[in-house]
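Taking it in order: structure first as structure tokens, then the write-up.
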There are 2 protein chains.
Amino acid sequence: MESSSARSGGSTRREATRQKLYEAAVTLIAEQGFSATTVDEIAERAGVAKGTVYYNFASKSVLFEELLRHGVGLLTASLREAAERTDREGGGKVDALDAMIRAGLVFIDRYPAFTQLYVAELWRTNRAWQSTLMVVRQEAVAVVEGVLREGVADGEFSDEIDVQLTAAALVGMVLVAALDWKSFQPERSLDDVHAALSRLLQGRVSGRG
Amino acid sequence: MESSSARSGGSTRREATRQKLYEAAVTLIAEQGFSATTVDEIAERAGVAKGTVYYNFASKSVLFEELLRHGVGLLTASLREAAERTDREGGGKVDALDAMIRAGLVFIDRYPAFTQLYVAELWRTNRAWQSTLMVVRQEAVAVVEGVLREGVADGEFSDEIDVQLTAAALVGMVLVAALDWKSFQPERSLDDVHAALSRLLQGRVSGRG
DNA sequence: GTTTTTGAACTGACTGGTCAGTGCAAAAAT
DNA sequence: ATTTTTGCACTGACCAGTCAGTTCAAAAAC
């Protein structure tokens, strides 16, 4: 007998099941939190039996950890792509920042539940997946920090800015504004929200209109 | 905001017990989340018997709800005070915003656990205390929105800014930057962090140093 | 003497994780 | 071509443990 890996490269069926479980878990955990969400609920929402959850993931925590890695991976890739594209097109670092803001908004627009869950868990301590979360956070924030550093290096940004703090503040600005948008003004367009944040980034809030 | 108002039956002893329970609960829930924190843990950490918890609060949820109200009350008062003080001293609206950023940082510096817990719960849906949270959030954000509106009214801010979104973004900026500060660079001074955020607020990031 | 706290025992519902067994499609044997 | 075997993916009843909330007699604090 052949192992499944030799059987036309990793069973599609299993991957589909895992995807369904991710989607079910992300929604439920975003709404209720990790501990308040039961494995039975996840299984039911995904339309599989409880045993299937444990066939595909070692435990509830492991399911959640892999979900985090999966999601932040998507975000990081998207941010990186935005920065690189702007670079190729000969834009400055402000344009890169702006493009990343948009990429962030697009991501949150597409995966609001994941974003919610991420924010809710990020600053917790003493949890099993703490280290996973740190690694994954750093990957994402590092992209922003990188652009800021390059901007300082070629004189586009003041060399007095605090790269780490500024990066965190920018991420927070987008995160919270976007969650507010989705929660309280979901009818607004992405462009609209993007414009408001752009304005804030470029200091066009104070001063004449 | 500590005085138990002019209520006739407000025994001091009872109030002290409630305070101890708040403090125990805030830490534990910030670390582990609401569902993962047990009433037994809270009682133990507060140094009281489990029965005392139920003598003072109707349920675990009610304890948490009152905790939320209590905490956000402190923050709102602090923000309001900062805005009014700046006003009295004849500062402009930018100064008021700046003072509120500082007030926010001071608050988070003093009550990091509460802040963590607040952020973690804010965008959840389908929870018992959802409505409480909304009310309380709006109180706090409204202070920022108020200052922005006044600034627009007397021409200090562009009338093209989106008050609601900008307020949310500013709150997010401070929130996330401060949590990052506390989590990853706790040795930095508040002044330092404040300076970095001030710079960002006033658009002194891009452009010459 | 009234209010508040104690602390331990108890209940009943719920939950993460387990496991013996099922279904099925491809491979092997006939 | 047909029968048999293999093993992956999945199932769902079940178990052992946990936790919110209750009860209450007695002590302590006021």
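Values below: every heavy atom of this structure, side chains too, minus hydrogens, waters and symmetry copies. Chain A is the first sequence line, chain B the second, and so forth, proteins listed ahead of strands; every chain is numbered from 1. Nothing here was measured: the structure is a model prediction, and the numbers come from that model.
Counting heavy atoms of neighbouring residues, nucleotides and ligands inside a 6.0 Å radius, atom CD of Glu44(B) does not exceed 12 of them.
Atom CD of Glu44(B) and atom C1' of dA20(D) are 17 Å apart (whole Å). In this structure, the CD atom of Glu15(B) is 15 Å from the C1' atom of dT3(C), given to the nearest Å. For the pair Arg14(B) CZ and dT6(C) C1', the computed distance is 15 Å after rounding to whole Å. A straight line from CZ of Phe57(B) to C1' of dA20(D) spans 16 Å, rounded to a whole angstrom. Atoms CG (Leu28(B)) and P (dC19(D)) sit 13 Å apart, rounded to a whole Å. Atoms CG (Leu21(A)) and C1' (dT11(D)) sit 14 Å apart, rounded to a whole Å.
Between dA9(D) and Thr17(A), no contact under 4.0 Å exists linking OP1 or OP2 to a side-chain N or O. In this model, the phosphate group of dA9(D) is approached by a side-chain N or O of Tyr55(A) to a distance below 4.0 Å at OP1 or OP2. Within the 4.0 Å cut-off from OP1 or OP2 of dC10(D), at least one side-chain nitrogen or oxygen of Asn56(A) is found.
Under the 3.5 Å distance criterion, with hydrogens and angles disregarded, a donor-acceptor pair is assigned to the side chains of Ser198(A) and Asp98(A).
Base engagement by Thr52(A) is indicated by at least one non-hydrogen atom pair under 4.0 Å involving a base atom. Nucleic acid contact class of Thr37(A) (heavy atoms, under 4.0 Å, all strands): sugar-phosphate only.
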Going through the distances and angles, do Phe184(A) and Met134(B) end up as a side-chain contact (heavy atoms from CB on, under 4.5 Å)? CA-CA 10 Å; Phe184(A) 309 121; Met134(B) 287 296 85; 3.3 Å; yes

Please lay out, stage by stage, how Leu63(A) and Asn56(A) fare under the test side-chain contact (heavy atoms from CB on, under 4.5 Å). CA-CA 8 Å; Leu63(A) 161 57; Asn56(A) 282 281; over 6 Å; no

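With Ile101(B) as the partner, the side-chain contact (heavy atoms from CB on, under 4.5 Å) test is satisfied by one option alone out of Val106(B), Leu200(B), Val174(B): Val174(B). No option in Phe57(B), Trp129(B), Phe114(B) other than Trp129(B) meets the ring-ring contact (aromatic ring centres under 6.0 Å, His included) test with Phe64(B).
Put simply, the side chain of Leu75(A) does not reach to within 4.5 Å of the side chain of Tyr118(A), judged on heavy atoms.
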Each nucleotide N or O in nucleotides 21-24 of chain D that has a protein N or O under 3.5 Å away: list the pair and distance.
| unit_1 | atom_1 | unit_2 | atom_2 | d |
| --- | --- | --- | --- | --- |
| dG21(D) | OP2 | Tyr54(B) | OH | 3.0 |
| dG21(D) | OP2 | Lys60(B) | N | 3.0 |
| dG21(D) | N7 | Lys50(B) | NZ | 2.9 |
| dG21(D) | O6 | Lys50(B) | NZ | 2.9 |

